[in-house]
Amino acid sequence: MLLLEKKFLNFYTMKTIFSICFALISLNTFGQRTLKQLKDRLQRQPQNSSVEVISQVNDQIMTIDTFQIDTFSPQVDFNQLKIIKYNDIIQEVSPEEEVIYKDKLSWNLTGNRINIIPEFHLEIPEDSEVGEPPLIFSPIFTNLKPLIYDHEQENGYKSILTFMLFAENGEDGQKVKSPVHLEINSSRLDSFPKRFTMHH
C-alpha cells in the first residue's frame with residue numbers, strides 16, 4: 001500500500017512539474033510571438049530608419065541606445081521599462097490600424113481621428129509571474145468631440161482630447177508599473193492641463 005501511494009505521489013508530482021513546465025514554455029512562446037509582432041510593426045517604417053531604445057528604472061533613465069530597424073530585436077528586462085521610439089512626429093494610425101483601434105475601444109468615430117505617439121513601452125507588470133509575456137502599450141489620443149466655437153474667445157475653438165494607453169496585449173485596464181508622464185506644449189494652442197500622468 002505504501003509503495004502504491006509512493007508511486008502515485010511520484011506520478012502526481014511529475015505530472016505537476018510537467019504541467020508547470022508546459023505552461024512556462026507556452027507563456028514564453030506567447031511572449032516571443034508578441035515581440036515578433038512588435039518587430040514586424042517596426043519593419044513597416046521607412047527603410048534605413050532607426051529606433052531609440054530608452055532603458056528606465058523608477059523614472060530614471062539608465063541608457064539610451066540607437067539601432068537600425070532592420071537589425072533591431074526587441075528585448076525585455078524584468079527590472080527595466082523599455083521605451084522604443086521609432087519617430088519624432090505624432091502620427092495618424094493607418095486605415096488598417098484604425099479599424100483595429102475602433103473595434104477594440106468601441107469608438108464610433110467618423111474619419112481618421114486617432115493619433116499615436118510613436119513609441120512602444122515594454123515592461124513586466126508587478127503582478128506578473130516568471131515566464132509571463134511583457135506588457136506592450138502605446139500612448140494614443142483622439143478628439144471624441146469635434147472642434148466647437150467658444151463664444152468667450154474671439155475666433156476661438158475648443159475640443160476635448162482623450163488620451164489613453166493602448167495595450168497591444170494583456171488585459172484592458174491593467175495597471176502599469178511605470179506611469180507614463182505627458183506634457184502638452186504648443187506655440188499656437190492653449191491646453192489644460194499642461195501635464196498629466198497615466199497609470200493604467
Side-chain angles (χ1 to χ4, degrees), residues 29-105 107 109 111-125 128 132-143 161-172 174-187 191 195-200:
T29 302
F30 177 78
Q32 294 300 324
R33 179 164 51 86
T34 305
L35 292 176
K36 183 182 182 307
Q37 289 171 337
L38 172 59
K39 186 173 181 181
D40 290 344
R41 288 189 62 182
L42 290 171
Q43 293 289 348
R44 296 180 204 155
Q45 298 302 310
Q47 285 187 336
N48 301 322
S49 296
S50 60
V51 293
E52 187 177 72
V53 180
I54 302 168
S55 299
Q56 194 171 298
V57 177
N58 298 327
D59 288 341
Q60 297 293 318
I61 294 176
M62 308 303 287
T63 59
I64 300 177
D65 299 303
T66 304
F67 300 91
Q68 290 298 116
I69 279 185
D70 56 350
T71 60
F72 174 65
S73 181
Q75 301 293 323
V76 181
D77 188 317
F78 277 81
N79 302 310
Q80 293 182 353
L81 165 70
K82 299 280 188 180
I83 302 174
I84 302 172
K85 299 181 70 173
Y86 55 92
N87 207 314
D88 294 325
I89 301 169
I90 290 172
Q91 302 174 335
E92 287 185 347
V93 298
S94 68
E96 297 79 17
E97 289 176 322
E98 182 188 7
V99 173
I100 296 170
Y101 281 65
K102 286 181 178 180
D103 286 348
K104 186 168 182 182
L105 300 171
W107 281 351
L109 299 174
N112 190 350
R113 298 215 309 262
I114 301 175
N115 295 274
I116 188 165
I117 297 174
E119 58 188 43
F120 291 105
H121 294 236
L122 280 75
E123 70 170 23
I124 305 294
S128 295
E132 288 195 29
L135 180 63
I136 302 174
F137 56 93
S138 300
I140 69 170
F141 66 94
T142 186
N143 55 322
L161 297 179
T162 300
F163 287 81
M164 70 176 299
L165 303 178
F166 183 83
E168 301 289 334
N169 64 333
E171 299 177 6
D172 293 337
Q174 190 167 359
K175 187 173 182 180
V176 296
K177 185 162 54 174
S178 304
V180 177
H181 309 287
L182 291 178
E183 290 190 17
I184 304 175
N185 295 309
S186 173
S187 58
S191 61
R195 60 182 60 87
F196 57 94
T197 300
M198 291 185 285
H199 298 270
H200 63 277

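The first residue in the sequence is number 1, and the count goes up from there. All values derive from a computational prediction rather than experimental measurement.
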J.: Under 3.5 Å, is there a donor-acceptor pair between the side chain of Gln45 and the main chain of Ile69?
T.: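 It does not hold such a pair.
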
J.: Under the 3.5 angstrom rule, does the side chain of Glu168 hit a backbone N or O of Leu38 as a donor-acceptor pair?
T.: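 Flag not set: sc Glu168 to bb Leu38 has no pair under 3.5 Å.
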
J.: Of all the heavy-atom pairs spanning Gln56 and Ile61, show the shortest one and how long it is.
T.: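 Nearest heavy atoms, Gln56 then Ile61: OE1-CG1, 4.1 Å.
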
J.: Do NZ/NE/NH1/NH2 and the carboxylate oxygens of Arg41 and Glu97 come within less than 4.0 Å?
T.: yes

J.: Hey, are the side chains of Gln80 and Ser178 touching, using non-hydrogen atoms and a 4.5 Å cut-off?
T.: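 Side chain of Gln80 against side chain of Ser178, heavy atoms only: no contact under 4.5 Å found.
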
J.: Report the distance from atom CD1 of Ile136 to atom CG of Leu35, rounding to the nearest 0.5 Å.
T.: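 Ile136 CD1 to Leu35 CG: 5.0 Å, rounded to 0.5 Å.
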
J.: Can you confirm whether Met198 is buried at CE, in the sense that more than 12 heavy atoms of other residues, nucleotides or ligands lie under 6.0 Å from that atom?
T.: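 Check passes, neighbour count above 12.
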
J.: What is the distance from atom OG1 of Thr66 to atom CD1 of Ile54, rounded to the nearest 0.5 Å?
T.: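 Taking OG1 in Thr66 and CD1 in Ile54, the distance rounds to 9.5 Å.
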
J.: Please walk me through it: do Leu135 and Gln174 pass side chain to side chain contact (heavy atoms under 4.5 Å, CB included)?
T.: CA-CA 9 Å; Leu135 180 63; Gln174 190 167 359; 3.9 Å; yes

J.: Let me confirm one number: the CD1-OG distance from Ile100 to Ser94, rounded to the nearest 0.5 Å.
T.: 7.5 Å

J.: With sequence neighbours excluded, tell me which residues meet salt bridge (Lys or Arg N to Asp or Glu O under 4.0 Å) with Glu119.
T.: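 Per chain and number, Glu119 pairs via salt bridge (Lys or Arg N to Asp or Glu O under 4.0 Å) with no residue.
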
J.: Please identify each residue that fulfils ring pair (Phe, Tyr, Trp, His ring centres under 6.0 Å) with Phe163, with sequence neighbours left out.
T.: Phe141, Phe196

J.: Flag yes if more than 12 heavy atoms outside Asp59 fall under 6.0 Å of its CG atom; otherwise flag no.
T.: yes

J.: Would you mind listing every salt bridge (Lys or Arg N to Asp or Glu O under 4.0 Å) that reaches into residues 74-86, with sequence neighbours excluded?
T.: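 Residue pairs with at least one partner in residues 74-86: there are none.
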
J.: Which of parallel (below 30°), tilted (30 to 60°) and perpendicular (above 60°) describes Phe72 and Phe67?
T.: tilted

J.: Using side chain to side chain contact (heavy atoms under 4.5 Å, CB included), reason through Phe166 and Ile116 one step at a time and then give a plain yes or no.
T.: CA-CA 9 Å; Phe166 183 83; Ile116 188 165; over 6 Å; no

J.: Against Ile140, only a single residue in Ile90, Thr162, Leu165, Leu105 fulfils side chain to side chain contact (heavy atoms under 4.5 Å, CB included); can you say which?
T.: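 Output: one option passes, namely Leu105.
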
J.: Val176 versus Glu123: any side-chain heavy-atom pair under 4.5 Å?
T.: yes

J.: Would a distance-only check, ignoring hydrogens and angles, find a side-chain to backbone donor-acceptor pair under 3.5 Å from Lys104 to Ala167?
T.: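 Such a contact is found between Lys104 side chain and Ala167 backbone.
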
J.: Could you walk me through whether Ile117 and Leu182 pass side chain to side chain contact (heavy atoms under 4.5 Å, CB included), step by step?
T.: CA-CA 10 Å; Ile117 297 174; Leu182 291 178; 3.9 Å; yes

J.: Is the backbone N or O of Gln60 less than 3.5 Å from a side-chain atom of Asn58, with the two atoms forming a donor-acceptor pair by type?
T.: no

J.: As an exercise, state the distance from OG1 of Thr142 to CD of Glu98, rounded to the nearest 0.5 Å.
T.: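 So the gap between those two atoms works out to 9.0 Å.
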
J.: Calculate, to the nearest 0.5 Å, the distance between atoms CD and OH belonging to Gln91 and Tyr86 respectively.
T.: 5.5 Å

J.: Could you give the distance from CG (Asp70) to NZ (Lys39), rounded to the nearest 0.5 Å?
T.: 8.5 Å

